[in-house]
Number of protein chains: 2
Amino acid sequence: MQKTKRQQKIMSLIRGRRIGTQQELTALLERAGFVATQSSVSRDLEELGVVKHNGHYTLPRAAEGAAARGLLGLDAAGDCLVVARCEPGLASAVAVAIDRAHLEEIVGTVAGEDTIFIAVHERKAQRAAIKKVWELFG
Amino acid sequence: MQKTKRQQKIMSLIRGRRIGTQQELTALLERAGFVATQSSVSRDLEELGVVKHNGHYTLPRAAEGAAARGLLGLDAAGDCLVVARCEPGLASAVAVAIDRAHLEEIVGTVAGEDTIFIAVHERKAQRAAIKKVWELFG
DNA sequence: ACCCGTTATGCAAATTCGCTGCATAACGGG
DNA sequence: CCCGTTATGCAGCGAATTTGCATAACGGGT
């Protein structure tokens, strides 16, 4: 799927530099090999929850909200694993919160010190799980 | 969607009586108004996590015997992971029991508070592992 | 109030994805 | 080694998602 990778690229671009317009972002994407129109970029930003602040796009404040509760980031690993990075010592607490949500995509979680492994059924569930967990902490 | 309702029917059929083959199940479904082939039934059972045990299909979930020893349920995640849900605090104990069985399909286990991740070699080993672990506690 | 640069959106086409049956391979008990 | 049973590659089909285009809506600056 083109969309998912494009959105990941958008995230990294936004993290890496100040981007002021969707046109600019569209151009950067194209240079990176992702051809898309401003329409699509607009919808991507909407989905990602990216917000324009002080004239440039930044990651959603949901990020800060989540960090406040111990969750730092989510990443996919393979087809059936999601790895959550947490603040040291808080992984178990975050894992409990995730378990309590009883998300249907999630098969189970195992928490370490600052990392959680979240097992999902398959690839499709993986994406849904990342989204829902992120919303949980947003 | 036909599939969801058909799977619900399958669940109720399996709960209600001993079913020995997919052919038998297919026939029962048809009598209930769900026309499907054995192919679809096979895939349904896979998705539902139904396992054939003692010659008939059963759910690998909270049966008395297993629950008494801490194991609540088994699920597949992706191709190489099996997730075991346990009663709070008993995951390590259950994991030890599984490890002691030295099942050839199992590469390793990691236990949290109430969840165990069991790594297996590949898809085929996954089904075998679910069955064997379930029998261990059944 | 009016531009104009920027962003959002209705709609239809294009693309992807899931479900299914068929044919057949793989499995496993006897 | 057979034969009943179960799993799966493949292709077709329909539904749902994604996308681009055209255009509307928005918002800051004058």
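None of these values were measured; they are calculated from a predicted model. Every chain is numbered from 1 and lettered A, B, ... according to where its sequence line falls, protein lines coming before strand lines.
Within the 4.0 angstrom heavy-atom criterion, base atoms lie near S42(A). G20(B) comes within contact range of the sugar-phosphate backbone alone, with a heavy-atom separation under 4.0 Å but no base atom that close.
Among residues at least two apart or in separate chains, side chain to side chain donor-acceptor pair (under 3.5 Å) pairs with a member in residues 36-46 of chain B are R6(B)-D44(B), Q7(B)-D44(B), Q22(B)-Q38(B), E46(B)-R123(B), E46(B)-R127(B). Within the structure, every pair that satisfies the side chain to side chain donor-acceptor pair (under 3.5 Å) test and touches residues 88-100 of chain B, not counting sequence neighbours, is listed here: D99(B)-T109(B).
Atom-to-atom, NZ of K52(B) to P of dG4(D) comes out at 14 Å; the value is rounded to the nearest Å. The NE2 atom of H53(B) sits 18 Å away from the C1' atom of dT6(D) (whole-angstrom rounding). Rounded to whole angstrom, the span from the NZ atom of K5(B) across to the C1' atom of dC19(C) amounts to 16 Å. The nearest whole Å value for the distance from the CG atom in L45(B) to the P atom in dT5(D) is 15 Å. What separates NE2 of H56(B) from P of dT5(D) is a distance of 16 Å, to the nearest Å. Counting to the nearest Å, the C1' atom of dA7(D) and the CG atom of L48(B) are 16 Å from each other.
Atom CD of Q126(A) sits about 7.5 Å away from atom SG of C80(A), to the nearest 0.5 Å. Interatomic distance, OG1 of T115(B) versus CZ of F117(A), reported as 14.0 Å (0.5 Å rounding).
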What dot-bracket string describes DNA chain C from 5' to 3', counting Watson-Crick and G-U wobble pairs whose defining distances are under 3.5 Å, with [ ] for crossing pairs and | for pairs to another strand?
-> ||||||||||||||||||||||||||||||
Would you mind building the protein contact string for nucleotides 13-30 of chain D? One character per nucleotide, 5' to 3', B for base within reach (heavy atoms under 4.0 Å), S for sugar-phosphate only, - for untouched.
-> -----SBBBB--------
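Listed by chain and number, the residues in a side chain to side chain donor-acceptor pair (under 3.5 Å) with K124(B) amount to none (sequence neighbours excluded). Residues satisfying the side chain to side chain contact (heavy atoms under 4.5 Å, CB included) criterion with A27(A), sequence neighbours excluded, are absent altogether. By the side chain to side chain donor-acceptor pair (under 3.5 Å) test, K52(B) pairs with no residue at all, sequence neighbours left out. Partners of E113(B) according to the salt bridge (charged side-chain N to carboxylate O under 4.0 Å, His left out) rule, which considers only residues two or more places apart in sequence or in another chain, do not exist here. With sequence neighbours left out, R15(A) forms a side chain to side chain contact (heavy atoms under 4.5 Å, CB included) with M11(A), L59(A). Not counting sequence neighbours, the partners of K3(A) by the side chain to side chain donor-acceptor pair (under 3.5 Å) test are E47(A). For H121(B), there are no side chain to side chain donor-acceptor pair (under 3.5 Å) partners, not counting sequence neighbours.
Proximity of residues 8-16 of chain B to DNA chain D (heavy atom under 4.0 angstrom from any strand atom) is not detected for any residue.
For dT5(D), one of the phosphate oxygens OP1 or OP2 lies less than 4.0 angstrom from a side-chain nitrogen or oxygen of Q23(B). The phosphate of dT6(D) has OP1 or OP2 within less than 4.0 Å of a side-chain N or O from Y57(B).
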